[in-house]
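Residue numbering restarts at 1 for every chain, and letters A, B, ... go by the order of the sequence lines.
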Protein chains: 2
Amino acid sequence: MEFEPIKTNKVYEQVIQQIKEMIYRGDIRRGDKLPSERALKKQLGVSRASIREAFSALEMIGLIESRPGEGTFIKEVADKNLLEPLSLALLLEDDVAGELLELRRVLEVDCVRLAAERRNQEDINTLEEIVNKMEIRTGFEEDSINLDRDFHYTIARASKNNVLYYVMTSIMDAMDFHIKHTRTKLVSRPDTMNEFTAQHHRIFSAIKNEDPEKSMQEMGSHLEFVEKLINREIEG
Amino acid sequence: MEFEPIKTNKVYEQVIQQIKEMIYRGDIRRGDKLPSERALKKQLGVSRASIREAFSALEMIGLIESRPGEGTFIKEVADKNLLEPLSLALLLEDDVAGELLELRRVLEVDCVRLAAERRNQEDINTLEEIVNKMEIRTGFEEDSINLDRDFHYTIARASKNNVLYYVMTSIMDAMDFHIKHTRTKLVSRPDTMNEFTAQHHRIFSAIKNEDPEKSMQEMGSHLEFVEKLINREIEG
DNA sequence: ATTTGTATGATGGTCTGACCATTATATTTT
DNA sequence: AAAATATAATGGTCAGACCATCATACAAAT
């Protein structure tokens, strides 16, 4: 005789399940308004508390958005918070920085390859603007960090693969969190920043020239350079 | 004059924030028991409903687990559900299957490279067992699919990069969901299955022989083969 | 005719208090 | 010492209430 463990589905999980199915069936789409909590309470025959527990879970992962006085809506744009859970879980892991750097390199080298193949004029313009701004040093570390982030984000977007873009940005966010202090230190050194700028420029050129091989090579050495600096900084 | 939008932090979000900080500071670790809902209610000065909304969100993303009569605990193992939000968001995207396949190829080719470099005896044993089972065809499509999944999961684990493993498994799960029917069709053809088995065997050999280049090459052609079949199936 | 002000209803956000089923623990009984 | 029982604590669920916010319709003022 074999017994299977009895799983007691919580009410709020069943609510989530039903919403999930509605999305899958195409009953609800981006921007759509969900029924009000009080309406759902009647329709599903559960308490409002359970509805709210389901909604808070769905809101945390960025799938829906509740606005007081208005209602609850399926989010138009899937923002980066989609992988927030991953970031949270990484807080529990040890020595996650190294793994993140490794994964980032894996992803971004292919990212830039796809970007070099698929970039359009708008991508080029955005990248050029960022690279130009990088050359004018403001002296604020925050500016440098933001420009760097924008540069890599834009490349991810230029890959024209949304899933890749989501994952890529999430990994970078998690990285930012884990090596924040180190990063700030790095960009405060003028010589390091000069090298960064030069590397970024070479990556940009390769993308502009539609040269996937060159772009991968340049991105590879750029990330290698960054990783070396970070590791040296971390280890002392 | 510039105005900034006023953000009203919901109570349950602040609860999550506090738990997040406790994790980051190392106050709570894996397996630890959180204070009971009624205790937290007093400590934080909020209602139990708000605590529960926070908990349900954290439980959905797989960070905590509530057990009736016992309490609420930080999960020991971060399960695959970490990227459940991603899977959900992908339901809202169009033409996501192609993007997933592309990303999977990017990830897994490097995955297998790392696996070939870092695999230990246990990895080899597990892979060998799976490959052997694959050669004995049971006739049940489900068995074939499970073995295939195990094969790729094991390689991801052998990369010794947990973050990569998390992302890889999540992508594969999302893929399973989006091309489920197609997949079942493919493994029902004996000739296709024979080719799969041969390819898996070659990948396994490369990993066993610690040959990263060969493993990447074999994995690349395997995935190319799979993608071709899937696209042919989808398009007609 | 346009703007401004007001009243109303619907909605999400929060809290309280209650009851149940399950589990752990202490107590009693054997 | 072991087993049965009672008690307390915990998560799961619910009903009902109140508030702040927003949309809407309508009235008033310009």
Can you tell me how the ring of A:H200 sits relative to the ring of A:F151, calling it parallel under 30°, perpendicular over 60° and tilted otherwise? tilted
Thinking salt bridges, do A:D150 and A:K133 make one under a 4.0 Å N-O criterion? no
Under 3.5 Å donor-acceptor, A:S159 side chain and A:I155 backbone: no
Any side-chain to backbone donor/acceptor pair from B:K42 onto B:L40? Under 3.5 Å, distance only. no
Start at the 5' end of DNA chain D and walk down; is the nucleotide closest to A:V46 or to A:G69 reached first? A:V46
B:K33 NZ - C:dT25 C1' separation (whole Å): 13 Å
Main chain of A:Q18, side chain of A:K20: is a donor-acceptor contact present, judged purely on distance under 3.5 Å? no
Can you tell me if A:E99 uses its side chain to pair, donor with acceptor, with the backbone of B:V163 under 3.5 Å? yes
With a 4.0 Å cutoff (strictly under), does any side-chain N or O of A:T72 reach OP1 or OP2 of C:dT11? no
Please report, rounded to the nearest Å, how far the C1' atom of C:dC15 is from the CD atom of B:Q14. 15 Å
Can you check the B:E37 CD to C:dT22 C1' distance for me, whole Å? 14 Å
Need two values: the first and the last nucleotide of DNA chain D, 5' to 3', having an atom under 4.0 Å from any heavy-atom of chain B. D:dT10 to D:dT13
Distance check needed: C:dG17 C1' versus B:K42 NZ, whole Å only. 14 Å
Residue closer to the 5' end of DNA chain D, B:S36 versus A:E70 (nearest nucleotide): B:S36
Take atom OH of B:Y12 and atom C1' of C:dT14, then tell me their distance rounded to the nearest Å. 13 Å
Could you tell me whether the phosphate oxygens of C:dG13, OP1 or OP2, come under 4.0 Å of any side-chain nitrogen or oxygen in A:R52? yes
Can you tell me how far P of C:dG13 sits from NZ of A:K41, to the nearest Å? 16 Å
Which part of the nucleic acid does A:R67 contact within heavy-atom distance under 4.0 Å: base, sugar-phosphate only, or nothing? sugar-phosphate
Ion pair A:K10/B:E59, N-O distance below 4.0 Å: yes
Could you state the atom-to-atom distance from CZ of A:F55 to P of C:dT14 in whole Å? 15 Å
Using heavy atoms to find the nearest nucleotide of DNA chain C for B:E53 and B:R48 separately, return the residue whose nucleotide is more 5′. B:E53
Could you tell me how far apart B:I51 (CD1) and C:dT14 (C1') are, to the nearest whole angstrom? 12 Å
